[in-house]
Amino acid sequence: MKQFPTHFLWGGALAANQVEGAYLTDGKGLSTSDVMPQGIIGPVIERDTVNKTACLKDIAIDFYHRYPEDIALFAEMGFKCLRTSIAWSRIFPHGDETQPNEAGLAFYDSVFDEMAKYGIQPVITLSHYEMPWTLVKKYGGWGDRKLIDFFEHYARTVFTRYQEKVKLWLTFNEINMSLHEPMTGVGLPKSSSQSEIYQAIHHQLVASARVVKLCHEIIPEARIGNMLLGGLMYPLTCKPEDVLATLQQNQKWLFFGDVQSRGNYPGYMLRYFRENGIELAITEQDRQDLKNTVDFISFSYYMSGCTTADESEYLKQQGNILHMITNPHLPSSEWGWQIDPLGLRTLLNLLWDRYQKPLFIVENGLGAKDTPEADGSIQDDYRIQYLNDHLVQVREAIEDGVDIMGYTSWGAIDLVSASKGEISKRYGYIYVDQNEQGTGSLERRRKKSFHWYKQVIETQGGSLSE
Ligand code: BG6
């Protein structure tokens, strides 16, 4: 029987801004996520602590107060690890303070202690789709080089504080998303020029590399990875023009992994900058800093898409954040995300061939509407099917010789969706009684997939059906 290795890290993934709620509790400052109630594709809606605008994320699923119950449920499924993030604005409410907020630090101490009770290893993202809002208002986000120092100070604070508790770290969630949603990624408005966005990205890449170095210095036994949105693209046809366009489209996101894994800007990107009038301010020190490369590559994978050299094809596709064409050979989720388990095996092989560093699938899952049955149970066979088929391909990739550290499905429990800030798009093994108005009872309930995943972990993948 094909097996997953015994050290394989089975688990689930969350992000602070999508589960915690308590958005101003215990001294937390506003973050970019707090001013985007309609999600990362929605507008910024200014708010202050007095004039509050309702936002589902203010409460979310109240993980801030209910984490002991949730972690106990994860432990019941047999999780070996749990990926979540630290909200930067809990530690430095405005981002530019010298002294951290002790209450914020204490909160994560308790969360990590709770995980330790069950032997669940934390996998911690330093910045998952949020940063202190003051850094955007006062400095213009990552466009300002000072953000590198603020981020480094924040990372030093949490590495030092949690050095005994956290040994697996990720720098920026889906760092390549800045190309599509610059406010969420680098704190820049959508109207920003390509030069401005790439300069901000450069600062973020330098910050990522600097904290890799810092992590190795402060916690020598820890491992730290990057996090990419695994945007696998296929050519729409076998026309050489489509194949080349696909290579170039894939380079747009692989570029981030190339810099973070190889330590310098690849030639194809320098050409792109040259031909598009993009001149980046890169210092000699930046070049040195970038040489601090990640220990492993982590990524999310939900779907694949197609690319063509014929630009007019894109105009026919609506609401397309990722600039991709529908694949006629694949089914889609209710949200139009195309389901492609085989693509995960292809992507794992591609990333392994390219980087020869361990890979960690830190997000994969199906967003779907769950309707409780009359007896209150949730029969989410569609989710089981999706996860089963993807895990079968992970196992195939291991057979192909790919070094895979683990798999944390998204999200281990229902949470607020990132793109539109809605809760009806559910991902969890655990149902949360919450609605779009934020008035649910927040009761937790095991779905059918909860029992299924428990068995998959127990049998080390042996119960998966081919
Ligand atoms: C990833 C993000 O892009 O996709 C998560 O890292 C997000 O934060 C997940 O929740 C699923 O996207 P959505 O929009 O369905 O929540």
Side-chain angles (χ1 to χ4, degrees), residues 11-21 31-34 36-42 55-57 60-61 63 82-88 123-131 170-186 225-232 253 256 297-305 319-324 332-340 344 347 360-370 380 382-383 386-387 390 407-429 432 434 436:
L14 319 170
N17 74 97
Q18 292 172 259
V19 295
E20 287 176 3
S31 72
T32 42
S33 168
D34 296 323
M36 301 177 79
Q38 293 160 28
I40 63 175
I41 60 178
C55 170
L56 182 57
K57 285 181 278 184
I61 61 160
F63 182 78
L82 176 68
R83 173 183 177 226
T84 187
S85 62
I86 296 176
W88 183 356
V123 179
I124 300 304
T125 316
L126 288 167
S127 177
H128 188 126
Y129 277 1
E130 61 181 330
M131 72 179 95
L170 308 178
T171 58
F172 295 94
N173 181 63
E174 293 189 338
I175 187 167
N176 44 319
M177 191 54 154
S178 299
L179 293 178
H180 313 286
E181 297 301 336
M183 178 52 74
T184 290
V186 284
N226 60 347
M227 196 313 196
L228 302 168
L229 184 163
L232 179 67
W253 69 270
F256 293 82
I297 310 287
S298 88
F299 65 96
S300 61
Y301 176 80
Y302 293 90
M303 60 185 148
S304 60
N320 196 337
I321 318 185
L322 296 179
H323 199 62
M324 48 169 66
S332 296
S333 77
E334 289 171 83
W335 271 264
W337 292 18
Q338 291 208 279
I339 302 173
D340 179 15
L344 179 53
L347 181 59
F360 199 162
I361 304 142
V362 293
E363 284 187 36
N364 171 240
L366 178 72
K369 286 192 179 120
D370 291 329
D380 55 342
Y382 35 90
R383 183 168 294 109
Y386 179 101
L387 295 167
H390 283 78
Y407 174 89
T408 59
S409 59
W410 184 264
I413 182 168
D414 290 346
L415 38 70
V416 182
S417 112
S419 28
K420 292 196 184 155
E422 56 195 344
I423 184 89
S424 47
K425 188 180 190 186
R426 295 174 181 273
Y427 284 91
Y429 301 112
V432 178
Q434 178 61 300
E436 305 302 353

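Start at 1 and go down the list; that is how both ligands and their atoms are numbered. In what follows, every heavy atom counts, from backbone to side chain, and hydrogens, waters and symmetry copies are set aside. Numbers here are sequence positions counted from 1.
Heavy atoms of Y302 approach ligand 1 to within less than 4.0 angstrom. Judged by the shortest distance from any of its heavy atoms, H128 lies inside the 4.0 Å radius around the atoms of ligand 1. At a 4.0 Å cut-off, not a single heavy atom of L229 sits close enough to ligand 1 to count as contact.
Aromatic ring orientation, H128 versus W410: parallel (interplanar angle below 30°, classes split at 30° and 60°). Relative orientation of the W337 and Y302 rings is perpendicular, given thresholds of 30° and 60° on the angle between their planes.
Close N/O approach between L415 and ligand 1 is not found [any backbone or side-chain N/O within under 3.5 Å]. Remark: ligand 1 and W337 share no N or O pair separated by less than 3.5 Å (distance only, no angle test).
With respect to atom 14 (O) of ligand 1, the closest heavy atom belonging to the protein is S419 OG, 2.3 Å. Nearest protein heavy-atom neighbour of atom 3 (O) of ligand 1: E174 OE1, 2.6 Å. Protein heavy atom closest to atom 16 (O) of ligand 1, with residue, atom name and distance, is A418 N, 2.7 Å.
Side chain to side chain, N17 and Y129 fail the donor-acceptor criterion of an N or O pair below 3.5 Å. Looking at Y386 and S333, their side chains never bring a donor and an acceptor atom within 3.5 Å of each other.
In this structure, CG in L82 is found 7.0 Å from CD1 in I124, a value given to the nearest 0.5 Å. Remark: S332 OG to I339 CD1 distance equals 7.0 Å, nearest 0.5 Å.
For atom 6 (O) of ligand 1, the choice among E130, Q18, E363, M227 with the nearest heavy atom turns out to be E363.
The existence of a salt bridge linking R426 and D380 is excluded, since no basic side-chain nitrogen approaches an acidic carboxylate oxygen closer than 4.0 Å.
Those atoms of ligand 1 that come under 4.0 Å of a heavy atom in K425, given as number and element, are 13 (P), 14 (O), 15 (O). Listed by number with element, the atoms of ligand 1 under 4.0 Å from a non-hydrogen atom of Y427 are 11 (C), 12 (O), 13 (P), 15 (O).
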